[in-house]
There are 2 protein chains.
Amino acid sequence: MEYLEAKEKFISTWGSLGSLWGINKAMAQIQALLFISTKPLSMEDIMEELKISRGNTSMNLRQLMDWGIVTKVLVSGERKEFFTTEKDVQELARIVAKERSRREIRPVIKVLEDVSSIKDDGTEKSKELIKQTKALHQLTLDLDTLMNKMVNQKQNWLTKSVLKLMK
Amino acid sequence: MEYLEAKEKFISTWGSLGSLWGINKAMAQIQALLFISTKPLSMEDIMEELKISRGNTSMNLRQLMDWGIVTKVLVSGERKEFFTTEKDVQELARIVAKERSRREIRPVIKVLEDVSSIKDDGTEKSKELIKQTKALHQLTLDLDTLMNKMVNQKQNWLTKSVLKLMK
DNA sequence: TTAAACTTTCAGTAATTATTGAAAGTTTAT
DNA sequence: ATAAACTTTCAATAATTACTGAAAGTTTAA
């Protein structure tokens, strides 16, 4: 496989994978492109490389900045804006984990909490609803806590976690 | 909040959450409904409760069975088929983790492996592509391993994992 | 073996989500 | 103050994904 083929394969795979980590295709592809680029890219560069419109590029770059994954950089002597992404994979994973926890997991925990605390009217179906949503609430809470613990070990969190779990 | 409201809130939240764990809305809602039901439900029951068509119900039940989350049960004296879901949340999480690893993570690992092993032609951009995709490959591999380790502790895997990581 | 009871399939359609492109907005240099 | 260089917004449209419903398929009982 040559450079160009590898690059395209990476970008397209990463793009279609977006859904797995909760972002859309274009957003994931922009991130992928920046991730393997040796220098910051302008909006023009991105549009051209990915063959997407200016509007699309602008909106998705904004979202990536909201996530804290991409940042603007000033290139001296240039008027237009340039963008880079976090290059360290572990830091990237930390950011994604934190954002997904904040955006998706916490709100669900809240709903499960509410639903599982309806008053027990003595019927079998109420009991079942309470029991099952309580269990789900606890599980979600535990998983969220666990994820945050891992990710907060900051340096080499993955290695540390793997080691601990191997014991 | 009364039973009916709680039930509807749970089903709709769980449904829209489907995307988070990689399945579609109807599929997640069917699972949610079975999850809080005190007894197995027939296709009619599901169609009626969720107000979805027969075809939709049939297809999504099939998928849930493919995932190993839902099973057919025979109710004596009844001709039609009835369905239940795994009721234990930890077991449910184990199944979901295993399936997502198999369906989504492993294929990505394979692509990253291929892309990161193109030959180094000495150019800066090739070096960067190789370096970054190697890092991503390693991270993905580690996370997948970690997840499988946790989940394979079978009994009380979550508690055990939390304890280990707290040390 | 037939027909009623039930399930599956899938072409057509609906709903949702992503993308475009051009107009409006902003910034910077002169 | 003006205009060139650039970015953002958003209504219109395209692409994708999910859902329906009826016909075809299957199983069971008599």
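Just so it is clear: chains get the letters A, B, ... in the order the sequence lines come, proteins before strands, and each one is counted from 1. Only this structure's heavy atoms are used, side chains among them; waters, hydrogens and symmetry mates stay out.
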Qualifying residues under side-chain hydrogen bond (donor to acceptor under 3.5 Å, both in side chains), relative to B:D142, sequence neighbours excluded: B:Q138
Residues in side-chain hydrogen bond (donor to acceptor under 3.5 Å, both in side chains) contact with A:R79, at least two apart in sequence or another chain: none
Short N/O separations, protein against nucleotides 10-18 of chain C, under 3.5 angstrom:
none

Quiz item: cation-pi between B:R100 and B:W67, 6.0 Å / 45°: no
Atom pairs and distances, donor-acceptor, side-chain atoms in residues 87-94 of chain B, under 3.5 Å, two or more places apart:
residue : atom : partner : partner atom : Å
B:K87   : NZ   : A:E128  : OE2          : 2.6
B:K87   : NZ   : B:F35   : O            : 3.0
B:K87   : NZ   : B:S37   : O            : 2.6
B:D88   : OD2  : B:Q90   : N            : 3.4
B:D88   : OD2  : B:E91   : N            : 2.8
B:E91   : OE1  : B:R94   : NH1          : 3.0
B:E91   : OE2  : B:R94   : NH1          : 3.4
B:R94   : NE   : B:V151  : O            : 2.7

Interface with DNA chain D, restricted to residues 31-46 of chain A and to heavy atoms under 4.0 Å: A:M43
Positions of residues 72-84 of chain A (non-hydrogen atom under 4.0 Å from DNA chain D), listed by number: A:R79, A:K80, A:E81
Heavy atoms of other groups near B:E48 CD, more than 12 under 6.0 Å: no
May I have all residue pairs that pass salt bridge (charged side-chain N to carboxylate O under 4.0 Å, His left out) and include part of [range], sequence neighbours excluded?
range: residues 2-14 of chain B; answer: A:D114-B:K9, A:K119-B:E2, B:K7-B:E49
range: residues 34-45 of chain B; answer: B:E44-B:R54
range: residues 56-77 of chain B; answer: B:K72-B:E81
range: residues 10-26 of chain B; answer: none

Test item: A:F83 and A:T71 side chains (from C-beta on) under 4.5 Å apart, heavy atoms: no
Exercise: do B:W14 and B:Q29 side chains pair donor with acceptor under 3.5 Å: no
Partners passing salt bridge (charged side-chain N to carboxylate O under 4.0 Å, His left out) against B:K131 (at least two apart in sequence or in another chain): none
Nucleotide interval of DNA chain D bounded by contacts with chain B (heavy-atom cut-off, under 4.0 Å): D:dA18 to D:dT28
